[in-house]
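Report on the following structure.
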Amino acid sequence: MKLLYLDWNLFSILKNPSLAIHKNLRSFLDDNKKILTLVYSNAHLEDIGNSSRNEDKIKEDIEYLSEQTKNLCICKYFGKKEITIETRNPFEFYNSIKHEKNDPLLKISHDLSKNLMGQYSYNRTELFGKMMGLDPKDVNNYDEEQLNNLVKKIGIANSISEYLLWGLKLRGGCSELGYFDEFTTAYSSLDFLSYHPDNLSDDKSNNLIYDSIHSCYGSKCHSFITNDYKCYKKSMIIYKYFKSNSKLLRTCRIKDENEFVESLNTLLD
C-alpha cells in the first residue's frame with residue numbers, strides 16, 4: 001500500500017479543479033486508486049475547522065475528506081513518540097479535537113502558544129531586518145551552500161545541518177525527542193532563518209505549525225504533494241536532513257505540466 005499525503009489546500013482544490021495541472025492530478029488519483037491510498041491527519045481537521053465557522057461547510061469538508069481517504073488516518077498522539085497510522089472516523093476525531101479546545105487549561109495553552117508565535121515572528125524580523133541587514137526575499141532564493149554561509153555569518157553554526165542540530169539541542173536533544181518533534185522543530189528552525197517564511201499574522205498564526213505537521217506526516221508516506229511553495233521549499237531541505245524517502249511534489253509554480261505528469265507516474269514505481 002502506497003500512502004499519499006496531500007495538504008488541505010490541495011485536497012480542497014481537487015474537489016472542483018479548474019487548472020490543467022490539478023485536473024491531471026485528479027485523474028491520476030482516480031485512475032490509480034488500487035495502488036495509491038490517500039490519508040488524512042489531525043492537521044487537515046484543524047485546517048478545516050480554522051477555515052470556516054459554518055458548520056454545514058465543515059461537515060461537507062469532513063465528509064469529502066472521509067470519502068477520499070476511506071478514513072485512513074496518520075497522526076502523532078499526545079504522549080506517544082511514534083506516528084500512528086490507523087482507520088479512524090474523521091467526524092469522531094474532529095469532535096474530540098473540538099471538545100479538547102473547550103478545556104479551560106487548553107485555552108490558556110492556546111493563548112500562550114499564540115503569544116509565543118507573535119514573539120517568534122518579531123524576533124525573526126529583528127534578526128534579518130536590523131541585526132543582519134538582510135532582506136528575507138533574498139534569503140528565499142538561497143541554495144544550500146548560501147544557507148551554509150548564512151548561518152556561519154550569523155555565528156551560530158558552520159552549516160545548515162549543524163544549525164538544525166543546534167535547534168534540536170535547544171529543544172531538548174535528539175535522544176529525548178521522537179521523530180515528530182525532531183522534524184517539526186527542525187522545520188521551524190529553518191523558517192526562523194526567513195527561508196520562505198510563513199505568514200504569522202494574527203489570523204494565520206498557526207500556519208507554520210500546521211505546515212510543519214503536514215510536511216512531517218508527508219515525509220512518512222510514499223509521497224507528499226503540496227500546493228504551498230513555501231512548504232515545498234522548506235520540505236526539500238528538511239527531507240534531505242532526515243533522509244526521508246518520500247517523493248516530494250508540488251502543484252504550484254509549475255512551468256512544464258508534462259514534467260509534472262511524468263513525476264506523478266514515478267509514484268507508481
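Computation of the quantities below employed the complete heavy-atom set of this structure, encompassing side-chain atoms and omitting hydrogens, waters and symmetry-equivalent molecules.
For the pair Phe224 and Asp7, the tightest heavy-atom approach, listed with the atom from each and the gap, is CE1-N, 4.1 Å. Listed here is the closest heavy atom pair of Tyr241 and Leu168: OH-CD1, 4.0 Å. Summarising the geometry of Ile58 relative to Ser52, their closest heavy-atom pair is CD1-O, 3.3 Å, with the distance given to 0.1 Å. Of all heavy-atom pairs spanning Arg88 and Ser96, the tightest one is NH2-OG, 3.5 Å. Nearest approach of Leu3 to Leu72, heavy atoms of both residues: CD2-CD2, 3.6 Å. The minimum heavy-atom distance linking Ser212 with Tyr187 is given by the pair CB-CD2, 3.4 Å.
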Side-chain donor/acceptor pairs under 3.5 Å, residues 157-166, sequence neighbours excluded:
{"unit_1": "Ser159", "atom_1": "OG", "unit_2": "Glu162", "atom_2": "N", "d": "3.1"}
{"unit_1": "Glu162", "atom_1": "OE2", "unit_2": "Asn158", "atom_2": "N", "d": "3.0"}
{"unit_1": "Tyr163", "atom_1": "OH", "unit_2": "Ser189", "atom_2": "O", "d": "2.5"}

Distance-only donor-acceptor hits, side chain of residues 229-238, under 3.5 Å, sequence neighbours excluded:
{"unit_1": "Lys230", "atom_1": "NZ", "unit_2": "Pro197", "atom_2": "O", "d": "3.0"}
{"unit_1": "Tyr232", "atom_1": "OH", "unit_2": "Arg250", "atom_2": "NH1", "d": "3.4"}
{"unit_1": "Lys234", "atom_1": "NZ", "unit_2": "Asp191", "atom_2": "OD2", "d": "3.3"}
{"unit_1": "Lys234", "atom_1": "NZ", "unit_2": "His196", "atom_2": "O", "d": "2.5"}
{"unit_1": "Lys234", "atom_1": "NZ", "unit_2": "Asp198", "atom_2": "OD2", "d": "3.2"}
{"unit_1": "Ser235", "atom_1": "OG", "unit_2": "Ser215", "atom_2": "OG", "d": "2.7"}
{"unit_1": "Ser235", "atom_1": "OG", "unit_2": "Cys231", "atom_2": "O", "d": "2.7"}

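Glu257 pairs by the side-chain hydrogen bond (donor to acceptor under 3.5 Å, both in side chains) definition with nothing, not counting sequence neighbours.
Distance alone, capped at 3.5 Å, is enough to place a donor-acceptor pair between the Lys70 side chain and the Glu67 backbone. Looking only at distances, no side-chain donor or acceptor of Ser12 sits under 3.5 Å from a matching main-chain atom of Asn9. Judged by distance alone, the side chain of Tyr64 and the main-chain N or O of Phe11 form a donor-acceptor pair under 3.5 Å. Panel note: side chain Tyr239, backbone Ser219; a donor-acceptor pair is recorded below 3.5 Å. Judged by distance alone, the side chain of Ser188 and the main-chain N or O of Thr185 form no donor-acceptor pair under 3.5 Å. Gln68 places no side-chain N or O within donor-acceptor distance of the main-chain N or O of Leu65, the cut-off being under 3.5 Å.
Ring pair Tyr5/Tyr217 is tilted by interplanar angle, where 30° to 60° counts as tilted.
A salt bridge is absent between Glu86 and Lys80: the closest approach of a Lys/Arg side-chain nitrogen to an acidic carboxylate oxygen does not fall below 4.0 angstrom.
Remark: Asn71 CG to Tyr40 OH distance equals 6.0 Å, nearest 0.5 Å.
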